[in-house]
Structure formats: C-alpha cells, structure tokens
Amino acid sequence: MKRFVILIIVVLALSIPFQALAADYEPLESWYGFEDTMGFVQKLDLPAVTHYGFELQAREVLVESDRVHILMTAASDQITSINSISAGGPDGILAIGDDPYLEENRFDLQMDNWGVNPSGDPASLERDGTTQFVLTAFIPGDRFLDDEIAMSVRLTKINLYTGDEPYAIEYGGPWNFSFTADLRPMHELTRTIPIRDGFVGNGEVFEVTKLESSPVRSRVFLRAMLPDDSPNEFQDVGAQNLIGILVSDGAGNQIELTSDMHDFDYLNPSEIDRYSFEIFGNDVGWEWMKDAAELTLTPYMATFAGPKLDGSSGLARYQALDPIAVRTEKAEPDELEAFMAGFEP
C-alpha cells in the first residue's frame, strides 16, 4: 500500500509542471482565431535561452505554403506589459535547410501582430513578467517540397519598451533555436487549384492564376498590368477599386476574400503586379472548398456611386463583375472532355 501511495504522489508531482507550462502562453490557434483539429500547429519541445535576464523560448510553429509563423514567449522581471518586447526585423533571421549560413537559406523574421492576439481580448495575455509574440517569415513555396525541413530561429537582439523612456532599450543575444519542422500537415491539408482565367474591371484586365485553401487561410492569386504612366511605382490595388472576391460552391456555401496582399519587388519593379485576396483565421471555407468539384469566383469593385444603401452587407454592397466558373480535378468530365479523352494515348 505504501508503494502505491508513493507512486501516486510521484505521478502527480510530475504532472503539475507540465500543466503549468501549458497554461503560461496562448497557443497559435487562439492567437490567430482558428480551431486546430487537424494538427496544423507543431508544438516545439525546446529549452529556453537566457541573456541579460531575458528568457526566450520558441513554443510552436505553423507552416503555410509560403510562410512560417513561430510563437515565442519571453520572461523577465523587466517585462511590464504584453507590448514590452519587440524582436525580428534586421535582427531576426529564420534559416532553413541543411546549411543555415547560405544567404539563399536565410529569411527575415518580422513581428506579427505586435503582442495583441487578433482573435480575442488582449487582456487575456497580461501576465506579470511575461509576454508572447509571433515571428513570421515569408519563404518561396518551392523550398517546402519535402516532408520536413530543418529550421533555425536566430535573434541577435531584442528591444525593451519600459514606458519610462521615449525609446527602446536594446539587449543583445543571441537567442538561437533549432528544430525540424514537419511539412506533412501543410502538404496534406492545403488544396491548390490552378486557374487560367480573368476578368475586366474599370478598364483593367485581371488574370486569376490559382486558388489556395488550408485550414487557416484561403486566397485567390491574381496579377494585373500596372498603369502605363507609372510602371515603376508601387500600385495599391485597393485604390484601383477592386474590393474583393466572393468564392461559392453552388450549395449555399460562400466566403468573402477581402484582405489584399501584394508581392512587389521595389528593387526590381515589373509591369506585372502580383497579389492575392485572402481570409485568415477561423471559418475560411476550407471545409467545403477542399472537396468541391466546381467553384465560382465573383470579383467585386467599388464605383463612383459608392456602396449600395439597400441593406446589403459585405461585398454585396459593391458592383459584381462577371463571375469565373472553376472546374476542379474532382469534377466529372463534361461531354467535350469525355470526347477528347477518347483520343488520349
């Protein structure tokens, strides 16, 4: 009986630190506002690194088709709010692959949503002496072809904001964290549908190149010619009146993609402006888009008349352009496709 009691005490003692650790930060799924039922987020079991009294730890990683999000926590008696620490920028690097010192394997880390989770109340992150933040790096999609890849987070310094000084106090590191990222959830759960179609709006020709959907993000990729009078300047597509794209499946499911992202190289300007309209977080339409045989993409533009005042909401307040019908690889072949298939060797 004594051995049994001792065993129970040992088990309970070992379990308590784990429970406390799991409760001292808000995970990526609640930070970004989605329910991770498919294992899209990878937990990291890495030791903390301490310099100058600042203990940093990499807790979780989320890999998308062209970007990586890393959840970091920081602890110090000098941390007084969720916005006490900033990191990344020129002082943060994500190195990928077997040789982290090659320039082509190094990508800038940027602080994403500065200390405030967009999905809920920022006060939920308030803890004495601790804070958390997310670092994001954009990676070319062709670097994520394998099932896993080595990654290293390298922070050479952090900035502390005390509120007593008008400027940040710099603390040097380095804080380095190395791990292997599992890319299989991204490969298995992300659906990419190639599209070669387009539409005309406000005298401009827009080409739609693909639709991509995962449990955390859905987006439509487009490109358009830049205006002739300023071919080397950044052009805000939103200012060109394209508001967003409605994706629907004909079964009553639909999602509005209204957040626009640009891919424009200031150093090597092109006459083509590549960008996407997307939605990120919870309820991105992935549940029904992942198996859809046919989808419809309806672009919307603002006009001089302004939004409709008929009680409409969302994109419906603006002018709908000609829809694009998209047949996916899951669609049954139509008569012409079935006929042409008979000639294939």
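Just so it is clear, the values below take in all heavy atoms, side chains as well, and ignore hydrogens, waters and symmetry mates. This structure is a prediction, so every number in the text was calculated from the model and none was measured.
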May I ask you to check whether F280 and Y32 place their ring centres under 6.0 Å from each other? yes
Is the side chain of N202 donor-acceptor paired with the backbone N or O of E204 at a distance under 3.5 Å, no angle test? no
Partners passing salt bridge (Lys or Arg N to Asp or Glu O under 4.0 Å) against E148 (at least two apart in sequence or in another chain): none
For residues 174-197, the side-chain hydrogen bond (donor to acceptor under 3.5 Å, both in side chains) pairs (sequence neighbours left out) are S152-S178, D182-R184, R191-T328, R191-E329
Side-chain donor/acceptor of E29 to backbone N/O of D36, under 3.5 Å: yes
So, using salt bridge (Lys or Arg N to Asp or Glu O under 4.0 Å) as the criterion, who are the partners of D66 when residues are at least two apart? R219
Considering all heavy atoms, the nearest L222-T209 contact: N-OG1, 4.3 Å
Can you list every side-chain hydrogen bond (donor to acceptor under 3.5 Å, both in side chains) pair that touches residues 95-111, not counting sequence neighbours? N105-R143
Return the CD1 to CD distance between I245 and E256, rounded to the nearest 0.5 Å. 11.5 Å
Provide the full list of salt bridge (charged side-chain N to carboxylate O under 4.0 Å, His left out) pairs with a residue in residues 276-301, sequence neighbours left out, each pair given once. R217-E278, E294-R327
Suppose the criterion is salt bridge (charged side-chain N to carboxylate O under 4.0 Å, His left out): which pairs have a residue in residues 81-94, not counting sequence neighbours? D91-K157
Ignoring hydrogens and angles, tell me if any N or O in the side chain of S218 forms a donor-acceptor pair with the backbone of S213 under 3.5 Å. no
